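As the structure is a computational prediction, the values presented were derived from the model and not from experiment.
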Amino acid sequence: ITQTRDNCSRGGVGLFINDNISYKILSDISIFLPHVIETLFVEIESHSTAKNKIVGIIYRPNTQPRADLDIFTTSILNILDTINNEGKHAILLGDFNIDLLKCSTHIKTNDYLDNIFSRGFAPLICRPTRVTKTTATLIDHVYTNNISHATTSGIILTDVADHFGTFHLSSEQHNN
């Protein structure tokens, strides 16, 4: 499934979901603010004793001056508050274009990350996801508010794009 807007010539976010997985799109937190944030959130139905999961894909454009970090941060925090108010487990993935490696030297990045932590979410990727001859940045993020069960997250080294791929695997026990 993809989330694009008719009035945009570029952009959009998407999720590949197996046909055997039941889900519903969460339109209240799937938002689009031009040049600020694009999201697509789904709730995946659990066929086990575990709770349903919310999965969100997020893109933050980095084109200045309109890629407003303050509006983006407020939008993400509102989404996290909505997820927490519903008591759901969630995984958020995407190209956030916020370099977490600069959290100790950039005040807005530090404040952003502090607010993510304060809402019970933790970043699962801690190494650079975009590397050039002169820079290394951690701008592709994976967050969760449930680190208590078996999960694996990581980076896929590839030269297909200018970013490395990221992934998150989560396993559940199924009652058959």
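With values rounded to the nearest 0.5 angstrom, T74 atom OG1 is found 6.5 Å from D70 atom CG. Rounding to the nearest 0.5 Å gives a distance of 11.0 Å between CD1 of I91 and CZ of F41. Atom CG of L69 is separated from atom CG of N62 by 11.5 Å, given to the nearest 0.5 angstrom. To the nearest 0.5 Å, the span separating CD1 on I76 from OH on Y143 amounts to 8.5 Å. Of the inter-residue distances, the one linking L40 atom CG with I58 atom CD1 reads 10.0 Å to the nearest 0.5 angstrom. Taken to the nearest 0.5 Å, the OG1 atom of T137 stands 4.0 Å off from the CD1 atom of I139.
Scanning both residues, G14 and I57, for their nearest heavy atoms gives O-CG2, 3.9 Å. Nearest approach of K51 to G87, heavy atoms of both residues: NZ-O, 2.9 Å. The nearest pair of heavy atoms linking V36 to I71 is CG1-CG2, 3.7 Å. For the residue pair C103 and N110, the shortest heavy atom distance occurs at O-CB, 3.0 Å. Smallest separation of non-hydrogen atoms from I29 and I79: O-CD1, 3.7 Å. Closest non-hydrogen pair, V13 versus T39, comes out as CG2-C, 3.8 Å.
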With side chain to side chain contact (heavy atoms under 4.5 Å, CB included) as the criterion, how do I31 and S75 come out once you've worked through the C-alpha distance, each side chain's angles and the decisive distance to 0.1 Å? CA-CA 9 Å; I31 61 172; S75 300; 3.9 Å; yes
L93/V55 under side chain to side chain contact (heavy atoms under 4.5 Å, CB included): CA gap, chis, key distance, verdict: CA-CA 8 Å; L93 309 102; V55 176; 4.1 Å; yes
Passes side chain to side chain contact (heavy atoms under 4.5 Å, CB included), Y112 versus L100? Steps please. CA-CA 9 Å; Y112 163 81; L100 295 184; 4.2 Å; yes
Step by step, would you call S30 with I25 a side chain to side chain contact (heavy atoms under 4.5 Å, CB included)? CA-CA 8 Å; S30 295; I25 296 175; 4.2 Å; yes
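Under the 3.5 Å distance criterion, the side-chain polar atoms of N84 are matched with a main-chain donor or acceptor of R119. At distances below 3.5 Å, at least one donor-acceptor pair connects side-chain atoms of N115 with backbone N or O atoms of D111. At distances below 3.5 Å, at least one donor-acceptor pair connects side-chain atoms of T144 with backbone N or O atoms of A90. A donor-acceptor contact shorter than 3.5 Å links the side chain of H141 to the backbone of I98. N145 places a side-chain N or O within 3.5 Å of a backbone atom of K88 that can act as its donor or acceptor partner. Formation of a donor-acceptor pair under 3.5 Å by the N52 side chain with backbone atoms of E43 is not found in this model.
Within 6.0 Å of atom CG in D19, 12 or fewer heavy atoms from other residues, nucleotides or ligands are found, so the atom counts as exposed in its surroundings. Within 6.0 Å of CD1 on I21 lie more than 12 heavy atoms contributed by other residues, nucleotides or ligands.
With a 4.5 Å cut-off on side-chain heavy atoms, L101 and P128 count as touching.
Looking at D95 and R60, no side-chain N of the basic residue comes within less than 4.0 Å of a carboxylate O on the acidic one, giving no salt bridge. In this structure, K102 pairs ionically with D99, as a charged nitrogen and a carboxylate oxygen lie closer than 4.0 Å.
Taking the six-membered ring for Trp and the full ring otherwise, the centers of F32 and Y59 sit at least 6.0 Å from each other.
Defined by atom type and a distance below 3.5 Å, a donor-acceptor pair is present between the side-chain atoms of T132 and T135. One side chain, D140 or T129, offers a donor N or O that lies under 3.5 Å from an acceptor on the other.
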